[in-house]
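Presented below is the structure to which this report refers.
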Amino acid sequence: MKNDEFLIAGIAVDNTTYGFDRLFSYKVPDHLSNVKVGQRVLVPFGRGDRFRQGMILSLSYGKEENLKEISSLLDDKPIFTQEMIDTVNFIHDRYFCTYYDSVKVMLPVGINYNISTFYTAVKVNDDVLNSLTDYEREIYDYLLSENKPVKKETILNVFSIGENSLNKLYRQGVVNREDDAFRKTKDATVKMVSLCDDVDINDYKLTPKQQKVAELLTVVDKASVKEVCYYTGYTQSVTDSLVKKKIARYFTDEVMRIPYTVSDVKKDEVVLSPSQQSAFDNLYSKYCDDKASVSLLYGVTGSGKTSVFMKLIEKCFNDNKGTILMVPEIALTPQLIKIFTSRFGDNVAVFHSGLSIGERLDEYKRVSRGDAKIVLGTRSAVFAPLKNIGLIVMDEEQESSYKSEQTPRYNARDIAKFRCYKHNALLLLSSATPSVESFYMAEKGIYNLVKLTERYGKATLPQVSVVDMNEEQMKGNFSNYSTTLKELISSNLIHKKQSIILLNRRGYNTFLSCRSCGQVVTCPNCSISMTYHSANNRMMCHYCGHSVPYTDECPDCHQHTLKFSGAGTQKAEQELVDMFPSARVLRMDADATMTKSSYETKLTAFANGEYDILIGTQMVAKGLDFPNVTLVGVINADQMLYSDDYRSYERAFSLLTQVVGRSGRGDSKGVAVIQTSTPENYVIGLSAKQDYDTFYKGEIGVRKALLYPPFSDICLIGYQGIMEGATIKCANAFQNALINKIKTNYSSMPLRVLGPSQAYVYKVNNKYRYKTIIKCRNSKDFRSVIKETLLEFSKNKEFKNIGITVDINPLSFN
DNA sequence: AGCACGCCGACT
DNA sequence: GTCGGCGTGCTC
């Protein structure tokens, strides 16, 4: 540093838009000269110097003129390590979001600050007061009587006025304005007491009660005031007088909201079968060599992949390194949580959507401090603030829940890869039906492939029959259940065995159509048919949440002739109840008014044998192990096969294989029935045989021929706007601008552009949606062209009301 | 996105 | 004259 230079912080500022976002330079004032990268701060921003929160991402010396200064610190210590800041930058330049969006996605919600504006009355002379309107005078008098800063929202509510009136008062100098930052969730603290340093209690003359307390504090060093009162039976006044005499002092300690009871931690060895052991040995050698690498653990359903990575996690834990274990949906894996907490006690932190915001914050802090070294959670667990990561495991790596559908539209697999690279750690992808992309990488030798080909213990694969529903209909059976499936359910009921019935969500919702005019009831805001929900007797839109009470009056022709069509889970359940009146049926689907915890309760009830039949959508295919289930029925396999994008076969294969694999996990042999009207489709036959290898060979051929991942990346650009014409115009303009840039600057870049075209659901929330699909390489050059075009369009006044989103390798083309 | 500044119409 | 309407441009 030269003499005339000073410390400058590069700060990611909250609430910027992509169009003008950057790292903003602020001068570090002298009294804050020991700030560190990774600390959050409050800075004045914009013309009005209103406060914004931000995070310091870089520090350097310079002599730039006219910089504003950092106002204050929000964290007394950095909350991000340098590696986490590297991850912030990684997300920023890969997913087209602002710097602070990237910071925010890595933090638990509870840790974020809310900036609120407060107003106070200023003492002014009568001339000024008399110039106010009556209404303004009223507001002024109100603030004067409050005699303390009043939150903006409160004033607006009390007087039902707009913000402009307050701004006017402020400009007149009648009221004062200040911004303050508040945490949504407070740290939970407890009042502690301890003796002051260098105090010998014999030097003082104390009352008997004070003596007792002082003795206690000599022994225990420190205790909460509550504890002191509890053990001595005295009140707080005794400690109060000790503090007054400067013998003891009060301070606050943070407490955790989740009380951890370290109950009988299991120390017994994980027992592995010979094939599991050799898989483990292979993975362990990868873990040990100090290079970052990716391994794919591919094991058939029921082969015991969990035990393998459990042992690996144990090794990592014993090396005092951190582990992240990601699962697709935590509400469906209570068993896994139980296994881990019973083995590792409070060294496990669970990032659980069922936790309150405060609890999540506490879990985050336990990890941040190094108190918990094993993190178990869903997608966002990949951002766990571990300081020294040795291993990241992604269970069921092909699951779509690892991809975020909100900005930043990240894929947890890519973040995991990046963090493992930074920590020289092992990334372990685990699956019975790996994504085609991952298996391809393994085949090419870029990932290390480890196979488990046999089921653990006595369990064998279920016997699967495929039933052609066309034939059933020709025989006069128009119900959801084939004769075969009906008979098997009936026999299971007699033998006190459990059954699982899988319905596909798509096309299985109950919609309403008019018998007079033939119209289907659609959402007024979206181009989607409304579905009927019996739980609240309303018709609802799944896209925007719009709902109206059910009536039989057609909104179009006003005849009272609305009628249900389609077969929802509710209808399929009804049929089941009609067929087997004595059966105890449990229905589960994502739309039912179910909370996360009720999934768990219901699944546990099913596991305990309180129900005979579990019927529902995707969720029934995953989660708990039910040893008593010997029959799995798939009502209609077709809808999942023939949806709209290149991944539908992969998803259908994975779902069918998983659900079929649910049958016969215990001692009894299982059976499964797949009902379809296209029995000749090879995906159905292969998932019945659980033949991933043949499926993969077919699928990779298709991907190569049609240039889909892993042979290309897919970039989906979405345009949303209220005015359809402008939206189309914007889509065309954007696409052309992009193509022109690529042609002039990167003429050799391989590229195929499709579109613009209407999105499948072309209107959501009154916004028209169009899209461009680009097959490309997700390279630095490609991303920089996208970024450049996005910035250009954010400055374009003509299209300022059109939203443009970019999603690289999206889940679907919607 | 906000927010402030500035340049024009309708009001006591 | 002046209040406040919205159009315009900037954010370290």
Side-chain angles (χ1 to χ4, degrees), chain A residues 5-29 32 35 37 39-74 92 96-104 112-119 127-128 130-137 139 152-153 156 161-181 406-408 720-722 767 790-805:
Chain A
E5 294 193 327
F6 44 80
L7 198 51
I8 295 173
I11 294 177
V13 178
D14 193 12
N15 265 320
T16 60
T17 54
Y18 192 66
F20 72 90
D21 188 57
R22 63 179 81 197
L23 285 189
F24 291 93
S25 302
Y26 281 84
K27 190 173 186 254
V28 178
L32 297 178
V35 286
V37 160
Q39 265 174 309
R40 287 175 303 164
V41 293
L42 225 44
V43 291
F45 194 77
R47 272 213 236 228
D49 278 341
R50 311 295 298 267
F51 282 161
R52 298 263 180 106
Q53 62 184 319
M55 181 182 268
I56 304 178
L57 295 192
S58 70
L59 284 169
S60 60
Y61 284 95
K63 43 186 171 183
E64 221 171 310
E65 298 291 326
N66 302 323
L67 292 183
K68 293 181 184 177
E69 285 193 356
I70 294 175
S71 303
S72 60
L73 301 181
L74 291 174
H92 172 259
F96 312 104
C97 65
T98 70
Y99 281 102
Y100 205 77
D101 277 342
S102 170
V103 169
K104 234 193 296 202
N112 238 317
Y113 282 85
N114 265 357
I115 314 274
S116 310
T117 310
F118 290 81
Y119 288 90
D127 289 353
V128 181
N130 291 334
S131 73
L132 297 178
T133 65
D134 289 353
Y135 207 54
E136 288 171 343
R137 184 62 195 266
I139 299 171
K152 182 182 82 187
E153 283 73 19
L156 299 188
I161 48 168
E163 214 177 319
N164 279 350
S165 322
L166 273 173
N167 280 337
K168 196 187 147 200
L169 283 171
Y170 170 67
R171 262 179 272 125
Q172 288 172 301
V174 181
V175 297
N176 210 348
R177 181 167 77 187
E178 56 192 339
D179 293 334
D180 224 333
Q406 276 142 33
T407 1
Q720 306 94 38
I722 308 267
K767 283 190 173 168
L790 277 175
L791 293 182
E792 202 173 280
F793 272 68
S794 75
K795 291 182 184 84
N796 187 325
K797 272 177 248 157
E798 189 184 356
F799 301 129
K800 70 171 181 198
N801 292 318
I802 314 285
I804 304 175
T805 55

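Residue numbers start from 1 in every chain, and the chains themselves are labelled A, B, ... in the order their sequence lines are given, proteins ahead of strands.
- Residues meeting the ring pair (Phe, Tyr, Trp, His ring centres under 6.0 Å) test with A:Tyr26, sequence neighbours left out: none.
- In this structure, A:Asn801 places its CG atom 12 Å from P of C:dG7, rounding to the nearest Å.
- With sequence neighbours excluded, no residue forms a ring pair (Phe, Tyr, Trp, His ring centres under 6.0 Å) with A:Phe96.
- More than 12 heavy atoms of other shown residues, nucleotides or ligands fall within 6.0 angstrom of atom NZ in A:Lys68.
- Here B:dA1 presents its C1' atom at 17 Å from OH of A:Tyr100, a figure rounded to the nearest Å.
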All N/O pairs under 3.5 Å across the protein-nucleotides 9-12 of chain C interface:
residue	atom	partner	partner atom	Å
C:dC12	OP1	A:Tyr26	OH	3.1
C:dC12	OP2	A:Gly46	N	3.0
C:dC12	OP2	A:Lys68	NZ	2.5
C:dC12	O3'	A:Ser25	O	2.8
C:dC12	O3'	A:Lys68	N	3.0
C:dC12	O2	A:Ser25	N	2.8
C:dC12	O2	A:Ser25	OG	3.4
C:dC12	N4	A:Arg22	NE	3.4
C:dC12	N4	A:Arg22	NH1	2.2

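- Between A:Val37 and A:Leu59, the shortest heavy-atom distance links the atoms N-CD1, 3.9 Å.
- Whole-Å rounding puts the A:Asp101 CG to B:dA1 P distance at 13 Å.
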Residue pair A:Thr117, A:Arg50: steps toward the side chain to side chain donor-acceptor pair (under 3.5 Å) verdict: CA-CA 9 Å; A:Thr117 310; A:Arg50 311 295 298 267; 3.0 Å; yes
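- Other residues, nucleotides and ligands place no more than 12 heavy atoms under 6.0 Å from the NZ atom of A:Lys767.
- Of the two residues contacting DNA chain B, namely A:Arg177 and A:Lys800, the nearest-nucleotide position lying further toward the 5' end is that of A:Lys800.
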